Amino acid sequence: MAKQLIFDIKERLGDIVFQMEEKSGKRIYLSVHKSDLRRVASVLHNDLGARFSTASGMDNIKNFEILYHFSFDDSGKIISIRTFVDKDLPSVDSLVPVIGSGAEWVEREMHELLGLDFSGHPGLKRLLLPEDWPQGKYPLRRDFKNE
Amino acid sequence: MNDKEKLRKTIIPIGPFHPLQEEPEFFKLYVEGETVVDIDINIGYNHRGIEKLSEAKSYDQAAFLVERICGICSNAHPLAFSQAVEDLLGVEVPERALYIRTIIAELERIHSHLLWLGLAGHFLGYNTVFMWAWKYREPVLDIFEMVTGNRNHYGMNKPGGVRKDIAEEDIPKISKMIAELIPAVDMFKGAVLDDPVLHARLKGVGVLKKEDAVEYAALGPVARASGVNIDVRKDEPYAAYNLVDWKVIIENDGDCFAKTKVRILELYESIEIIRQCLKKIPKGPIDARLKEVPPGEGIGRIEAPRGECIHYIRSDGSNSPVRHKIRAPSFMSVPTAKASVVGQQVADATIILASVDPCYCCTERMAVVDRKSGKEVISSQGLVRLSQEKTRKISLSF
């Protein structure tokens, strides 16, 4: 079952995944270019039936990194899509049109806490930060100062 | 707009406003007459920047930090976090610790589901259910206090194992307590699941269709009540869940009744899991005594009372996490309220929203707004009273 899943992914995606790390039997990370994000997410979610669990964005100083964590509940594996986003162009395609409403809130969260833009998102308004939180201040960025 | 229409729209608010009504409400329901036509869900009241704070904590401190995310399922977050660190390290936790983790986690599920049952009873006007559910919750909290020192915020889980052991002499006390819970759960099952008035209140109400549960990636009892067969304890077994026999509870109707039934039946499974753990728990160490966390990343997830709770950790080899992402289950399940409350009667709104089991303090901030005028027409307390009144009327007809 495990090997079949990896095989299916390799067959459908090929070189689109430029790095595949099997950290353990249950944790696999697929690195892809951000332009291929929707394609890969669609394969995992729509073709292979994975459930979207959550996404985690982070500031690597030299770039942003977003991980989208998909759960294959039948086998207990989490396959995470890893993509890097340039600081000068912190924008990526929203996954909502491809995998559904489950991605709505977490993209809003990454938008307000990291300053990432998700194009095609149905409504990128604030989720957690109060309305009077100043624009342009992103708490999860490395250069954020608590003033 | 003629006088008749004006009369229909000018509803006098029942109940007090919150004095600081500047903030957006958590659940903002738009109504036309008696029907809910739309809902806004606003969160962030309790946003304390815990992920950011974690970056300044040691791995040991971070476990205490995340315990305070929630008072109801406080054990869930330290456990998921500990497992994320253990995933990064690829370490095994001593077997005794796995059993202790399971016992504490299932006691937490019991107290959380009983708390919910009480709330549901209150919203439906069954204050006896409310009082009895919370009465039978007390012995569970007494066990927590005996074993961990605290009724909530147990400080039990750490990367590598657990912080405190369960004393031999306490094991029969826990066994006795859970055995005494069974007749209580039997009573709730009968009182709630066989009551014709509650059938009228809960069946067919607030249905979340299976395809909507999947669309929203819903979790926990909310998903399982709509026929979605997911439970981290079975899908990616952790702690001692694959060392004991138990079953996942699935219902298919997706209504408030199904959600209630799932939570009640899960109580039996939790009692059974604890009973087996108490019999099988081996002697031995409870802590793998981890030293450093090397560079890497890890994901830990567990089945909290409300569903999958997942933590992601990135380490650069220093004492603190570089990134600590936390996703509690309600984050996925609360948005399903949009699919289950729209089109329903406003008197049913409270129980439908409660059946999604969001944080209790957040549900205090409900507001009902007339769609056309934009005016608030019913307060939170008013909504609860509407629900209780509906039960009273139905019971009169039986």
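Only a predicted model underlies this, so the values are computations on that prediction, with no experimental measurement involved. Just so we're on the same page: letters track the sequence lines, and every chain starts at 1.
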Tell me, for [X] versus chain A, whether the close heavy atoms (under 4.5 Å) come from the side chain, the backbone, both or neither.
{"X": "B:Asp212", "answer": "neither"}
{"X": "B:Val322", "answer": "both"}
{"X": "B:Ile230", "answer": "side chain"}

What pair of heavy atoms forms the shortest contact from [X] to [Y], and how long is it?
{"X": "A:Ser71", "Y": "B:Arg301", "answer": "OG-NH1, 2.8 Å"}
{"X": "B:Lys325", "Y": "A:Val106", "answer": "NZ-CG2, 4.2 Å"}
{"X": "B:Met332", "Y": "A:Phe52", "answer": "CE-O, 4.1 Å"}

### Task
Determine, step by step, whether A:Met58 and B:His324 satisfy the side chain to side chain contact (heavy atoms under 4.5 Å, CB included) criterion, reporting the C-alpha distance in whole Å, the side-chain angles of both residues, the deciding distance to 0.1 Å, and the verdict.
CA-CA 9 Å; A:Met58 56 185 288; B:His324 183 177; over 6 Å; no
### Query
Do B:Glu215 and A:Ile99 come close enough that some side-chain heavy atom pair is under 4.5 Å?
no
#### Entry: Contact check, side chains of A:Leu67 and B:Glu297, non-hydrogen atoms, under 4.5 Å
yes
### Query
Taking the side chain from A:Lys23 and the backbone from B:Leu88, do they hold a donor-acceptor pair closer than 3.5 Å?
no
### Donor-acceptor pair, side chain of A:Arg51 and main chain of B:Ala217, under 3.5 angstrom
no
### Task
Mark yes when over 12 heavy atoms from residues, nucleotides or ligands other than B:Glu292 sit less than 6.0 Å from its CD; otherwise mark no.
no
#### Entry: chain B contact via A:Glu65 - side chain, backbone, both or neither, heavy atoms under 4.5 Å
side chain
### Query
Under 4.0 Å between a Lys/Arg side-chain N and an Asp/Glu carboxylate O for A:Glu104 and B:Lys338?
no
Taking [options] one by one, which has the highest count of heavy-atom pairs under 4.5 Å against chain B?
{"options": "A:Gly102, A:Ser53, A:Ser24, A:Ala55", "value": "A:Ser53"}
{"options": "A:Lys125, A:Arg126, A:Glu109, A:His45", "value": "A:Glu109"}
{"options": "A:Pro130, A:Gly57, A:Ala103, A:Ser80", "value": "A:Gly57"}

#### Entry: Check: A:Ser56/B:Arg323 side-chain N/O donor and acceptor closer than 3.5 Å
no
### Task
Begin from the C-alpha positions of A:Asp74 and B:Asp235 and carry the test side chain to side chain contact (heavy atoms under 4.5 Å, CB included) through to its verdict.
CA-CA 6 Å; A:Asp74 289 343; B:Asp235 302 332; over 6 Å; no
#### Entry: Residue pair B:Arg314, A:Asn60: steps toward the side chain to side chain contact (heavy atoms under 4.5 Å, CB included) verdict
CA-CA 11 Å; B:Arg314 171 76 63 87; A:Asn60 280 337; 4.1 Å; yes
### Query
How far apart are the C-alpha atoms of B:Tyr312 and A:Ile78, what are their side-chain angles, what is the distance that settles it, and do they pass the side chain to side chain contact (heavy atoms under 4.5 Å, CB included) test?
CA-CA 11 Å; B:Tyr312 168 85; A:Ile78 295 179; over 6 Å; no
### Query
Of A:Arg27, A:Lys26, A:Lys77, which meets salt bridge (Lys or Arg N to Asp or Glu O under 4.0 Å) against B:Glu236?
A:Arg27
### Query
How are the rings of A:Trp105 and B:Phe331 set relative to one another: parallel (under 30°), tilted (30 to 60°) or perpendicular (over 60°)?
perpendicular
